[in-house]
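Lettering follows sequence order; numbering is per chain, from 1.
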Amino acid sequence: MGGLKRSHSCNDLGPELVGQEVTLMGWVLRRRDHGGVIFIDLRDRRGITQVVFSPEVNEPVHAKAHRLRSEWVIAVRGRVSRRPATMENPNLATGAIEILADELRLLNASQTPPFPLDEEMEVSENLRLKYRYLDLRRPAMAANLILRHQAVQAIRAYLNSHDFLDIETPVLTKSTPEGARDYLVPSRVNPGKFYALPQSPQLFKQLLMVAGMDRYYQVVRCFRDEDLRADRQPEFTQVDMELSFVEEEEIYALIEGMMATLFRETIGVALAPPFPRMSYAEAMGRYGTDRPDTRFGFELVALTEAVRNCGFQVFRQVVEKGGLVKAINASGCGDFSRKDLDDLTAHVAQFGAKGLAWVKIKENGDWQSPIAKFFTDEERAGMAGILTAAPGDLLFFVADQPAVVHQALSELRLELARRLKLLDSRQYSFVWVTDFPLLEYDQEAKRYAAVHHPFTAPQEEDLELLATEPGRVRSRAYDLVLNGTEIGGGSIRIHRKDIQERVFAALGINADEAAEKFGFLLQALEFGAPPHGGIAFGLDRLLMILAGRDTIRDVIAFPKTQKATCPLTDAPSEVARKQLTELSLRPDWK
RNA sequence: GGAGUCGUAGUUCAGUUGGUUAGAACGCCGGCCUGUCACGCCGGAGGUCGCGAGUUCGAGUCUCGUCGGCUCCGCCA
């Protein structure tokens, strides 16, 4: 750099520095060449400063500036100059000043970038990922990484001040049954055996509690070999924590404080804890999902009893077969077109709904609906009353088995909210969802499976149901939901071996299998395991919401495509035959 | 495993019912320009229409397959 040293960033020059000589280093964002005078917008990750090359200041330097191109890396030495009042740029933090260049060093040239970096133009994701280092130069993307840094710092500071220890856990660990598909790593030293990458440090953090560490946290990478989504990557980051000698209330308060700190210190939003709470049963009943978006209404209303003996066969038969009939009052949507209704019907069809009955309430209260004729006046009035229907309203009904009704109406209310633009990304609606079932019946495997994970404690008063009606046992698990996204979840754990064994029994895991898969945990529980519990947050999802983005890829420096590839490095890739034989792997696909 | 959608210049897109030489904007290259900040003006270059078959006198356009991006279902304790 020829003895030059950067004195300031491209964002911290103001009128107070007028007359001072500074040296900036950065990338050429744009060149405006007027022949006589040349303007360069110089960019680094902190901001943009205008540099002026004038023949009156330094003719050779001015001549040199003609050659500058986009994304060239340069060093500029010059004097800070106040801009004439009419030429200030209010869009730039440094818009009151400019640099009169007296020296220009070309630190590196650049090819013309494959896509423009200077605006918010939508560029194909493939190209952005292939040239991610260019994509990340764009101020919006840089801001996401900066936000991520600030968020992690705020969380660490909060947990450090609450006496937590940051302890690392293994990345090469043991594959365990249940849960997501594992990423496997073959062991060279132990032919035919495999490590698994952790889906979460669950067992290790429990062992740390047995070890007396009391309060543990880690910002930790986790791996799940499942199909990707906008909010799911094969590797993602958890803020993982575990505490001894606590119960639910202490964890709720701790986390509410952490969220308040996080939101204040990153985006300057003041949250107002405590957050509302809702049981799983209530969430399913009112919203049809265990992660309700509580920013808007359109709640589900049960009509099963009201239609049990009604004249509409479709509803009656569903009820007779043990199904549900539920409805949403899309208040004020009576002007939806036939196409709107068709689109919404198609939308709920993807979630298994065989139909979507609708009713428009006319000015005189009459029903405009394909199904109006199947009901008596009394039946219509009864349902309208339950739904508090008023003229101009639009009612939607779904009749089916409970899971279908709930999913269809849950997705319907989200789609309605999107269409009506009710989703304000600057509104932050938290809710704790509690009292989850401990187990659910897996139709395919013909056995019960853990809703949360197998180490979640059952609620004391439901313990006796474990052997008789396992599906009715409630757990001490909780999720924190923000704007319809599950951002974190955890539970009070089982710390007694006898209860852990009873849960394994309910899961159909026999003693031998339990010993083989989790023997180390069971043994640890016999060596003075303290009562403990914890929670883990999906850092990427949390950041997506903080950044107002709709995919976690935008808050991850180097994410993967939906096919789990990396266009930048071309991972995954083939490996040499020798590498496979060293690992005792004998591929048979060629 | 399945559904949808997109793929045309470096980028973002348009391209009619299948019809002659595939367009625009931005970017790029050259020239002019002393106050711009998405500078302006003049000129120019730039295309395997993702790939492969098929239908047709003729395919960017229709059909089938395939590859890739994205969204979703299943899956994700």
Distances under 3.5 Å only, N/O to N/O: pair up the protein atoms with those of nucleotides 31-33 of chain B.
{"residue": "B:C33", "atom": "N1", "partner": "A:His34", "partner atom": "O", "Å": "3.4"}
{"residue": "B:C33", "atom": "N3", "partner": "A:Asp33", "partner atom": "O", "Å": "2.9"}
{"residue": "B:C33", "atom": "N3", "partner": "A:Gly35", "partner atom": "N", "Å": "3.4"}
{"residue": "B:C33", "atom": "N4", "partner": "A:Asp33", "partner atom": "O", "Å": "3.3"}
{"residue": "B:C33", "atom": "N4", "partner": "A:Gly35", "partner atom": "N", "Å": "3.4"}

Phosphate OP1/OP2 of [N] contacted by [X] side-chain N/O (<4.0 Å):
{"X": "A:Thr49", "N": "B:C37", "result": "no"}
{"X": "A:Lys563", "N": "B:G68", "result": "yes"}
{"X": "A:Arg32", "N": "B:U36", "result": "no"}
{"X": "A:Arg43", "N": "B:C37", "result": "no"}
{"X": "A:Ser124", "N": "B:G69", "result": "no"}
{"X": "A:Gln407", "N": "B:G74", "result": "yes"}

More than 12 heavy atoms from other groups under 6.0 Å of [atom1] on [X]:
{"X": "A:Tyr183", "atom1": "OH", "result": "yes"}
{"X": "A:Arg291", "atom1": "CZ", "result": "no"}
{"X": "A:Arg338", "atom1": "CZ", "result": "no"}
{"X": "A:Lys130", "atom1": "NZ", "result": "no"}

Once you apply a heavy-atom cut-off of 4.0 Å, does [X] come out as touching a base, just sugar-phosphate, or nothing?
{"X": "A:Leu127", "answer": "sugar-phosphate"}
{"X": "A:Asn126", "answer": "sugar-phosphate"}
{"X": "A:Glu125", "answer": "sugar-phosphate"}
{"X": "A:Pro567", "answer": "nothing"}
{"X": "A:Ala450", "answer": "sugar-phosphate"}
{"X": "A:Gln50", "answer": "base"}
{"X": "A:Ser200", "answer": "base"}

Taking atom [atom1] in both [N] and [M], compute the distance separating them and give it to the nearest angstrom.
{"N": "B:G44", "M": "B:U5", "atom1": "P", "value": "41 Å"}
{"N": "B:U61", "M": "B:G52", "atom1": "P", "value": "13 Å"}
{"N": "B:C62", "M": "B:U8", "atom1": "P", "value": "15 Å"}
{"N": "B:G69", "M": "B:G27", "atom1": "C1'", "value": "23 Å"}
{"N": "B:A24", "M": "B:A14", "atom1": "P", "value": "16 Å"}
{"N": "B:G10", "M": "B:A45", "atom1": "C1'", "value": "12 Å"}
{"N": "B:C64", "M": "B:G18", "atom1": "P", "value": "15 Å"}
{"N": "B:A25", "M": "B:U34", "atom1": "C1'", "value": "29 Å"}

When the distance from [atom1] of [X] to [atom2] of [N] is rounded to whole Å, what number comes out?
{"X": "A:Arg30", "N": "B:G40", "atom1": "CZ", "atom2": "P", "result": "11 Å"}
{"X": "A:Arg553", "N": "B:G69", "atom1": "CZ", "atom2": "P", "result": "11 Å"}
{"X": "A:Leu100", "N": "B:U36", "atom1": "CG", "atom2": "P", "result": "16 Å"}
{"X": "A:Ile97", "N": "B:C37", "atom1": "CD1", "atom2": "P", "result": "18 Å"}
{"X": "A:Glu415", "N": "B:C72", "atom1": "CD", "atom2": "C1'", "result": "12 Å"}
{"X": "A:Arg132", "N": "B:G69", "atom1": "CZ", "atom2": "P", "result": "15 Å"}
{"X": "A:Glu226", "N": "B:G2", "atom1": "CD", "atom2": "P", "result": "17 Å"}
{"X": "A:Phe115", "N": "B:G7", "atom1": "CZ", "atom2": "P", "result": "20 Å"}

Closest approach of A:Phe223 to A:Phe236 (non-hydrogen atoms, all atoms of both residues):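 Minimum heavy-atom separation between A:Phe223 and A:Phe236: N-CE2, 4.3 Å.
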With a 3.5 Å limit on both atom pairs, tell me what [N] is paired to, counting Watson-Crick and G-U wobble, or say none.
{"N": "B:G44", "value": "B:C28"}
{"N": "B:C64", "value": "B:G52"}
{"N": "B:A3", "value": "B:U71"}

Residue list, side chain to side chain contact (heavy atoms under 4.5 Å, CB included) with A:Pro458, at least two apart or on another chain: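 If we apply the side chain to side chain contact (heavy atoms under 4.5 Å, CB included) test to A:Pro458, skipping adjacent residues, the hits are A:Leu438, A:Leu463, A:Leu466, A:Val473, A:Ile494, A:Ile499, A:Val503.
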Enumerate all atom pairs, one protein N or O and one N or O from nucleotides 27-29 of chain B, separated by less than 3.5 Å.
{"residue": "B:C29", "atom": "OP1", "partner": "A:Arg69", "partner atom": "NE", "Å": "2.9"}

Closest-nucleotide ordering on RNA chain B, the 5'-leading residue of A:Gln202 and A:Pro55: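 On the 5' side of the pair lies A:Pro55.
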5' precedence on RNA chain B between A:Lys560 and A:Pro84 (nearest-nucleotide basis):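 Checking each residue's closest nucleotide, the 5'-ward one belongs to A:Pro84.
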Confirm from the modelled atom types if [X] and [N] form a donor-acceptor pair under 3.5 Å, side chain to base only.
{"X": "A:Gln111", "N": "B:G10", "answer": "no"}
{"X": "A:Arg229", "N": "B:C70", "answer": "no"}
{"X": "A:Arg224", "N": "B:C76", "answer": "no"}
{"X": "A:Asn89", "N": "B:C37", "answer": "yes"}

Residue pairs involving residues 32-41 of chain A (criterion side-chain hydrogen bond (donor to acceptor under 3.5 Å, both in side chains); sequence neighbours excluded):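 Of all non-adjacent pairs touching residues 32-41 of chain A, those that pass side-chain hydrogen bond (donor to acceptor under 3.5 Å, both in side chains) are A:Arg32-A:Asp41, A:Arg32-A:Gln50, A:Asp33-A:His66.
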Of all pairs that satisfy side-chain hydrogen bond (donor to acceptor under 3.5 Å, both in side chains), the ones with a partner from residues 499-522 of chain A, not counting sequence neighbours: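 side-chain hydrogen bond (donor to acceptor under 3.5 Å, both in side chains) check on residues 499-522 of chain A returns A:Lys497-A:Glu501.
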Of the listed nucleotides [options], the one nearest the side chain of [X]:
{"X": "A:Thr565", "options": "B:C72, B:G69, B:U34", "answer": "B:G69"}
{"X": "A:Val123", "options": "B:U11, B:C75, B:C73", "answer": "B:U11"}
{"X": "A:Phe39", "options": "B:C75, B:G35, B:C70", "answer": "B:G35"}

Contacts of A:Phe351 that satisfy ring-ring contact (aromatic ring centres under 6.0 Å, His included) - sequence neighbours left out: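 Scan of A:Phe351 (ring-ring contact (aromatic ring centres under 6.0 Å, His included), adjacent residues dropped) gives A:His347.
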A:Asp442/A:Lys446 salt bridge by N-O under 4.0 Å criterion: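 No, A:Lys446 and A:Asp442 are not salt-bridged.
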SB check A:Asp340 A:Arg419 (cutoff 4.0 Å):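 Looking at A:Asp340 and A:Arg419, the cut-off is met.
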A:Leu300, A:Thr289, A:Val398 screened by side chain to side chain contact (heavy atoms under 4.5 Å, CB included) with A:His406, the one that passes: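 With A:His406 as partner, A:Leu300, A:Thr289, A:Val398 yield a single side chain to side chain contact (heavy atoms under 4.5 Å, CB included), made by A:Leu300.
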Cation-pi geometry met for A:Arg413 and A:Phe296 (6.0 Å, 45°):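 Ring-cation test returns yes.
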